[in-house]
Amino acid sequence: MDFKTSNAEGPVDFINVFDLEKMAQKVIPKGAFGYIASGAGDTYTLHENIRSFNHKLIVPHTLMDVENPSTKTVFDGDELSSPLILAPVAAHKLANEKGEVASAKGVSEFGTIYTISSYSTVDLPEVTQALNGSPEWFQFYFSKDNGINRHIIDRVKEQGIKAIVLTADATVGGNREVDARNNFVFPVNMPIVQEYLPVGVGKSMDYVYKSAKQKLSPKDVEFIAEYSGLPVYVKGPQAKEDVDRAIDAGAAGIWVSNHGGRQLDGGPAAFDSLQEVSKAVNHRVPIVFDSGIRRGQHIFKALASGADLVALGRPAIYGLALGGSEGTRQVFEKLNEELRLVMQLAGTQTIEDVKNYQLRDNHYESSVGYDLNDLKLF
């Protein structure tokens, strides 16, 4: 299949990640951009993911003896420049010819965790090499065949990957009408899962998802944890009963996400779900959060609501499209600069201070602010 996308590498001039999205639309082919940027159904949940951060307010605090706040943090023994990490995003070669090799280099230079998707368009050894020692996690789309699962886990451990993220909320593809309108099929192969998806080129998103296991249960969490000996994060719980089910099965962490609004349209915004999940977890295991992160204040609010790490998806891919490894790094740096600004004005010196910060409920919410409809991406 003939497919041509960006080969950019270099600095990107942008003000915020909303602008970056518009810029990326000009360099990523239409079908690929629609796959990356769109959501399920009417995209209600996609948009609520961003709007929902206004449900909580950050009250500025004064005379707090704060200067040059630090975003550095330690997680599971790894010293990170920020609690902002890369979420697992499929098929980076849709955005840049260098794919995951470039995004890995950018994330490594920023100094944080890289989560590689099962549906990476670059194989594990190349990504690990590009990370140059930076911590790496593996997001698992579980096969229907446990023999294949064991082999993939063996390869993951061989690379020194530190944790496995089981995606539990994508057993089928969401109702992504933009992909249907664009007749989108994957133009690139996915080498990590070639044992159960030998040819990814020319396949639809729904075909790819259905090649993995649909009937996931707590036994799958137990299997991964026991066979791998690695921490297993279950990605997708948004309710107390799902949290308890995952932790009882041996999950070492909960990853709050609604897949960026790409799965079940009409579901709750991920940030709203974080409030319930945080109470249910009650400090038993760490929490990772993604979906809707576009601003430094979003990162702040997620951390103040119970998240230990905050994962970035689409904006990192837009940076990759526009500037390769350097563009990816710039996106992380930009959001981290915004986070530091918010920390200063909120009177918080450290990430631990942010986690202990008390947000205020917004009883006066209005629609004033960035109009997401102005993007007109589809």
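Worth knowing before you read on, the calculation uses all heavy atoms, side chains too, and leaves out hydrogens, waters and symmetry mates. Residue numbers run from 1 in the order of the sequence given.
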task = Is it possible for you to say whether Tyr196 and Phe223 belong to one hydrophobic cluster, with membership spreading through side-chain heavy-atom contacts below 4.5 Å?
result = yes
*Could Arg155 and Asp123 be called an ion pair, given the rule that one side-chain N must be under 4.0 Å from one carboxylate O?*
yes
Open item on the list: On the six-membered ring of Phe33, is Lys30 placed so that its NZ or CZ lies under 6.0 angstrom from the centre and within 45° of the ring axis?
Closed with: no
So CD of Glu48 and CG of Asp265: to nearest 0.5 Å the spacing works out to 10.0 Å
The reported gap from CG in Asn149 to CD1 in Ile224 (rounded to nearest 0.5 angstrom) is 7.0 Å
dist Ile351:CD1 -> Leu303:CG (nearest 0.5 Å) comes out at 5.5 Å
> Between Lys219 and Glu222, does at least one N-O distance fall below 4.0 Å, as a salt bridge requires?
Replying inline: no
If Ile, Leu, Val, Met, Phe, Trp and Tyr residues are connected whenever their side-chain heavy atoms lie under 4.5 Å apart, and connections chain through other members, are Leu264 and Ile254 in the same group? no
> Between Asn49 and Asn258, does any side-chain donor sit less than 3.5 Å from a side-chain acceptor?
Replying inline: yes
Counting neighbours of CG on Asp145 that are heavy atoms of other residues, nucleotides or ligands and sit closer than 6.0 Å, is the number greater than 12? yes
Counting the benzene-type ring for Trp, do Tyr35 and Phe186 have ring centres under 6.0 Å apart? yes
query = Does Arg150 come within less than 4.0 Å of Asp154, counting only side-chain N to carboxylate O?
reply = no
Can you find a side-chain donor-acceptor pair between His55 and Asp272 that sits under 3.5 Å?
-> yes
Q.
If only side-chain N and O atoms count, and only distance matters, is there a donor-acceptor pair under 3.5 Å linking Thr115 with Gln139?
A. no
Would you say Lys301 and Ile58 make side-chain contact, with heavy atoms under 4.5 Å?
yes
Can you tell me if CD on Glu241 sees more than 12 non-hydrogen neighbours from other groups inside 6.0 Å? yes
Side chains of Pro135 and Ile113, heavy atoms from C-beta outward: is any pair under 4.5 Å? yes
Kindly indicate, with the supporting measurements, whether the criterion side-chain hydrogen bond (donor to acceptor under 3.5 Å, both in side chains) is fulfilled by Ser6 and Glu97. CA-CA 6 Å; Ser6 168; Glu97 290 178 357; over 6 Å; no
Using a 4.5 Å cut-off on heavy atoms from C-beta on, say whether the side chain of Val288 contacts that of Val256.
no
Could you tell me if Ser82 and Thr71 have a donor-acceptor pair between their side chains, going purely by distance under 3.5 Å? no
* Got a sec: does the NZ of Lys72 have more than 12 other heavy atoms crowding it under 6.0 Å? -> no
- Side chains of Thr121 and His92: is there a donor and an acceptor less than 3.5 Å apart? no
Between the CG atom in Leu339 and the CZ atom in Phe332, the distance rounded to the nearest 0.5 Å is 13.0 Å
Exactly one candidate in Phe53, Phe271, Phe289 meets ring pair (Phe, Tyr, Trp, His ring centres under 6.0 Å) with His298; the answer is Phe53
Quiz item: Are Glu100 and Lys93 close enough for a salt bridge, meaning some N to O gap below 4.0 Å?
Solution: no
### Query
In terms of side-chain heavy atoms, does Thr171 have a donor or acceptor partner in Gln214 at a distance below 3.5 Å?
no
query = So, are Asp308 and Lys355 salt-bridged, with charged N and O less than 4.0 Å apart?
reply = yes
Salt bridge (charged side-chain N to carboxylate O under 4.0 Å, His left out) for Asp169 and Arg262? Distances and angles first, verdict last. CA-CA 10 Å; Asp169 67 344; Arg262 297 162 66 82; over 6 Å; no
**Asked** Does CG in Asn282 sit with more than 12 non-hydrogen atoms of other residues, nucleotides or ligands closer than 6.0 Å?
**Response** yes
Decide if atom NZ of Lys162 counts as having more than 12 heavy atoms of other residues, nucleotides or ligands within a radius under 6.0 Å. yes
- Take atom CZ in Phe75; do more than 12 heavy atoms of anything else shown fall under 6.0 Å from it? yes
With sequence neighbours left out, the residues meeting side-chain contact (heavy atoms from CB on, under 4.5 Å) with Asp353 are Thr348, Gln349, Thr350
d(Leu80 CG, Thr112 OG1) to nearest 0.5 Å is 4.5 Å
Problem - Side-chain touch Val243/Arg284, heavy atoms, less than 4.5 angstrom - result: yes
Pair Asn146-Tyr227, side-chain donor/acceptor within less than 3.5 Å:
no
* Does NE2 in His151 sit with more than 12 non-hydrogen atoms of other residues, nucleotides or ligands closer than 6.0 Å? -> no
Check your understanding: Is it the case that one hydrophobic cluster holds both Trp137 and Leu312, taking links as side-chain heavy atoms less than 4.5 Å apart, direct or via other members?
Key -> no
NZ (Lys157) and CD1 (Ile152) are apart, to the nearest 0.5 Å, by 15.0 Å
Please determine if Glu109 and Lys105 form a salt bridge, counting it only when a charged side-chain N lies under 4.0 Å from a carboxylate O.
yes
Side chain proximity check, Val17 to Val331, heavy atoms < 4.5 angstrom: yes
Output yes when a side-chain donor or acceptor of Arg314 lies under 3.5 Å from a complementary backbone atom of Ile36, and no otherwise. yes
Short N-O contact, Arg295 and Glu338, less than 4.0 angstrom:
yes
Closest non-hydrogen atoms of Ile28 and Thr5, given as atom of the first, atom of the second and distance, are CA-OG1, 4.2 Å
Query raised in the report: Is it true that the side chains of Ser211 and Tyr141 contain a donor and an acceptor less than 3.5 Å apart?
Result: no
inquiry  = Quick one, Val178 with Phe184, criterion side-chain contact (heavy atoms from CB on, under 4.5 Å). Give me CA distance, side-chain angles, the key distance, then yes/no.
reply    = CA-CA 8 Å; Val178 171; Phe184 175 75; over 6 Å; no
inquiry  = Pair Leu124, Ile161 - check side-chain contact (heavy atoms from CB on, under 4.5 Å), show working.
reply    = CA-CA 10 Å; Leu124 284 167; Ile161 289 172; 3.8 Å; yes
Here the pair of heavy atoms bringing Leu320 nearest to Asn96 is O-ND2, 2.9 Å
Can a salt bridge be assigned to the pair Lys215 and Asp220 using a cut-off of 4.0 Å between side-chain N and carboxylate O?
no
Cationic N near anionic O, under 4.0 Å, Arg329 to Glu326: yes
Decide whether Glu21 and Tyr318 meet the rule of one side-chain donor and one side-chain acceptor closer than 3.5 Å.
yes
- Query: Would you call Phe14 and Lys334 a side-chain contact if the rule is heavy atoms closer than 4.5 Å?
  - Reply: yes
(message) Using side-chain heavy atoms (C-beta onward) and a distance below 4.5 Å, is Leu84 in contact with Leu335?
(response) yes
*Judged by modelled atom types alone, do Ser325 and Glu9 share a side-chain donor-acceptor pair under 3.5 Å?*
yes
Inset, instruction - Over 60° means perpendicular and under 30° means parallel, so classify the ring planes of Phe142 and Phe140, tilted if in between. - result: perpendicular
| said: Grouping I, L, V, M, F, W and Y whenever their side-chain heavy atoms are under 4.5 Å apart, do Leu216 and Ile164 come out in a common cluster? | reply: yes
| query | Is it true that a side-chain atom of Ser81 and a backbone atom of Phe110 form a donor plus acceptor pair closer than 3.5 Å? | reply | yes
message = Between Ile293 and Leu57, is there shared hydrophobic-cluster membership here, with clusters defined by ILVMFWY side-chain heavy atoms closer than 4.5 Å?
response = no
- prompt: Cut-off 3.5 Å, side chains only: do Glu195 and Ser143 have a donor facing an acceptor?
  reply: no
task = Using a 4.5 Å cut-off on heavy atoms from C-beta on, say whether the side chain of Glu136 contacts that of Ile116.
result = yes
